[in-house]
Amino acid sequence: MAEHDHEHGHQDYQKSSLSLWGAVSLGTGVMIGAGIFALTGQVAQLAREWFVLAFVCGGIIAGFSAYSYVKLAKAYPSAGGIAMFLSKAYGKGSVTAIFALLMYFSMVINESLVARTFASYTSQLISFEAQWLIPLLAVGLLLFAFFINILSNQFIQTFSFFMAFVKTLGLVILAAGGLWASGIQFESISAIPEEATGGGILAGIALSILAYKGFTTITNSGGEIVEPKRNVGRAIIISLIICALIYVLVTLAVGSSLSIDEIVKAKDYALAEAARPVYGETGLWITVGFAIVATVSGVIASAFAVSRMLAMLTNMKLVPHSHFGMPGSIQKHTLVYTIVMAMILAAFFDLSRIASLGAIFYIVMDIAIHWGVLRHLRQKVNANIYILVSAITLDVIVLAAFIWVKWTSDPLVIWASLISMALIAAGEILFLRKKR
């Protein structure tokens with residue numbers, strides 16, 4: 001295993017190179033890119049007429065989850081974020097490595113999810129259909145994200161802030177216009193929810209949590225944010241509030257334009273379909289344009305954060321690393337690995353299964369974070385025991401419901417999750433034993 005020294009591994013981490021609003025733009029970039037464009041139809045398929053409520057509940061659960069991350073970020077700001085948090089709770093061993101890798105792979109899955117969403121929306125502007133078109137567009141976006149991420153932090157911050165502003169303003173205008181044109185009549189969400197089940201609603205909530213988990217990308221850049229002990233937590237809270245408001249507004253607008261069956265039928269590009277009745281073909285083009293901005297910035301922000309977390313694990317000597325003949329620092333190498341894996345997922349998996357895998361990996365890791373704080377760090381970070389227990393309980397409930405629904409409808413997702421987690425755990429245990 002080839003390794004760089006510690007300093008070389010960190011040479012790309014530029015202390016105080018990200019402002020508070022730069023961090024907010026990274027967080028909202030990932031959340032809005034993955035959330036409202038990629039998951040509206042997926043959540044509606046599970047929660048049916050309760051899909052708006054599912055997004056609201058997902059935001060509440062994300063708020064409870066954010067509590068642990070804010071407390072940890074104030075105590076241990078780091079460019080490795082979650083990897084560092086886990087090591088503080090569980091030590092530099094297999095437990096930290098396994099759960100950190102679950103987070104890493106959930107973020108890689110998120111990148112591929114957003115890339116496929118970009119491709120699904122972009123394909124609405126192309127007159128012909130071909131099976132290879134969506135995978136090709138998705139891979140092309142990931143390649144573009146790689147080239148942006150090898151540029152300076154200052155450029156990435158400026159680019160992300162501009163893109164976040166454009167897509168946030170655009171979504172607000174589109175949603176407000178849709179609500180006004182419909183006369184505030186909610187065709188789908190005002191219907192009697194005869195087809196919705198308790199398990200389906202909870203599963204929809206579990207999936208909606210993916211729309212908010214992008215706030216964790218802020219923690220992975222903690223060591224590069226100005227005054228991190230103060231601004232990491234503020235950036236997380238601001239990002240969650242912005243995204244929750246936008247999600248509610250947009251899902252209400254979609255529910256005012258389309259029936260549930262129409263939303264589910266167009267689940268990979270639900271917002272574009274919702275624009276047709278209100279704005280016609282012009283609205284379709286505008287919506288797709290905003291979707292492109294949102295998904296492009298989402299992939300760029302996610303790749304920025306996740307490559308840093310894997311680099312931190314590498315520097316902690318918790319994962320194997322090889323240069324494969326590549327020049328540059330460890331973080332550049334982990335960026336390459338991240339983009340290549342996301343390309344493979346985006347090329348060969350559909351949106352529904354990608355999202356399901358990401359949800360399971362993320363919630364399992366999230367429970368581990370809360371438990372680590374509760375069991376080992378509560379007094380050190382001055383955390384409230386009742387909030388921690390509530391966060392764990394909410395995660396367990398929605399995860400159990402999601403697993404049950406998927407087991408009855410698509411058991412392959414559950415098997416893939418179990419096998420993947422088993423391989424990650426076995427690989428880490430063997431690697432660490434061999435290293436000793």
Side-chain angles (χ1 to χ4, degrees), residues 34 38-39 42-43 45-46 58 61 65 82-83 86 89-90 93-113 116 197-211 213 216 306 309-310 313 318-320 337-338 340-372 391-434:
L39 296 173
Q42 308 282 344
V43 173
Q45 187 175 26
L46 292 167
I61 294 173
S65 291
I82 289 165
L86 287 165
Y90 299 105
S94 58
V95 174
T96 291
I98 290 166
F99 286 114
L101 284 177
L102 285 183
M103 182 59 186
Y104 171 77
F105 285 115
S106 79
M107 294 176 75
V108 173
I109 288 168
N110 177 75
E111 287 176 31
S112 62
L113 170 68
R116 291 281 298 204
T197 64
I201 294 168
L202 288 173
I205 293 171
L207 199 57
S208 75
I209 291 172
L210 278 184
K213 84 176 189 71
T216 59
V306 72
M309 190 182 79
L310 185 59
L313 287 171
L318 291 177
V319 295
Y337 306 153
T338 298
V340 169
M341 282 188 282
M343 284 179 172
I344 293 170
L345 287 172
F348 297 106
F349 289 85
D350 63 41
L351 278 174
S352 179
R353 283 177 170 160
I354 290 173
S356 297
L357 283 171
I360 292 170
F361 282 12
Y362 172 72
I363 297 175
V364 170
M365 184 285 309
D366 198 52
I367 293 170
I369 287 282
H370 300 317
W371 177 255
I392 293 171
T393 302
L394 291 169
D395 273 351
V396 170
I397 290 171
V398 296
L399 178 61
F402 187 74
I403 290 173
W404 172 253
V405 169
K406 284 298 175 181
W407 181 256
T408 57
S409 63
D410 190 8
L412 180 61
V413 168
I414 306 303
W415 283 115
S417 300
L418 291 173
I419 292 170
S420 298
M421 287 190 283
L423 289 174
I424 290 170
E428 271 304 312
I429 291 170
L430 289 173
F431 167 71
L432 293 175
R433 282 182 180 176
K434 183 178 178 182

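Side-chain atoms are counted along with the backbone in the values below, which use heavy atoms only and exclude waters and symmetry mates.
- Nearest approach of S112 to A346, heavy atoms of both residues: CB-N, 3.7 Å.
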- Derivation and outcome, side chain to side chain contact (heavy atoms under 4.5 Å, CB included), residues V405 and D410: CA-CA 8 Å; V405 169; D410 190 8; over 6 Å; no
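- In this structure, CD on E111 lies 10.5 Å from CE on M343, to the nearest 0.5 angstrom.
- Side-chain atoms of S65 and K213, non-hydrogen and from C-beta on, never get closer than 4.5 Å to each other.
- Shortest non-hydrogen contact noted between G358 and S106 is O-CB, 3.8 Å.
- For the pair F99 and M365, the tightest heavy-atom approach, listed with the atom from each and the gap, is O-CG, 3.2 Å.
- Nearest heavy-atom pair, H370 versus I392, reported as atom, atom and distance to 0.1 Å: CB-CG1, 3.4 Å.
- Between F361 and M421, the closest side-chain pair of non-hydrogen atoms falls below 4.5 Å.
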- Would you please test Y104 and T338 for side chain to side chain contact (heavy atoms under 4.5 Å, CB included) and show each step? CA-CA 9 Å; Y104 171 77; T338 298; 2.8 Å; yes
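- Between Y362 and M103 there is a side-chain heavy-atom pair separated by less than 4.5 Å.
- Interatomic distance, L412 CG to I414 CD1, rounded to the nearest 0.5 Å: 9.5 Å.
- In this structure, F402 and V398 have side chains that are not in contact, with every pair of non-hydrogen atoms separated by 4.5 Å or more.
- A donor-acceptor pair under 3.5 Å links the side-chain atoms of Y90 to the main chain of A368, judged by distance alone.
- In this structure, CG on L207 lies 13.0 Å from CG on L202, to the nearest 0.5 angstrom.
- Nearest approach of G199 to A401, heavy atoms of both residues: O-CB, 4.1 Å.
- No side-chain heavy atom of I360 sits under 4.5 Å from any side-chain heavy atom of K406.
- Summarising the geometry, atom OG belonging to S417 is positioned 10.0 Å from atom CG belonging to L102; distances are rounded to the nearest 0.5 Å.
- Here the rule is side-chain contact (heavy atoms from CB on, under 4.5 Å) with I363, and of D395, L394, I61, I403 only D395 fits it.
- Looking only at side-chain heavy atoms (C-beta outward), L357 and L345 stay at 4.5 Å or farther from each other.
- When all heavy atoms are compared, the tightest approach of S356 to V413 is CB-CG1, 3.5 Å.
- Rounding to the nearest 0.5 Å places CD1 of I424 at 9.0 Å from CD of E428.
- A distance of 11.0 Å separates CG of L423 from CG of L418, quoted to the nearest 0.5 Å.
- A donor-acceptor contact shorter than 3.5 Å links the side chain of T96 to the backbone of L86.
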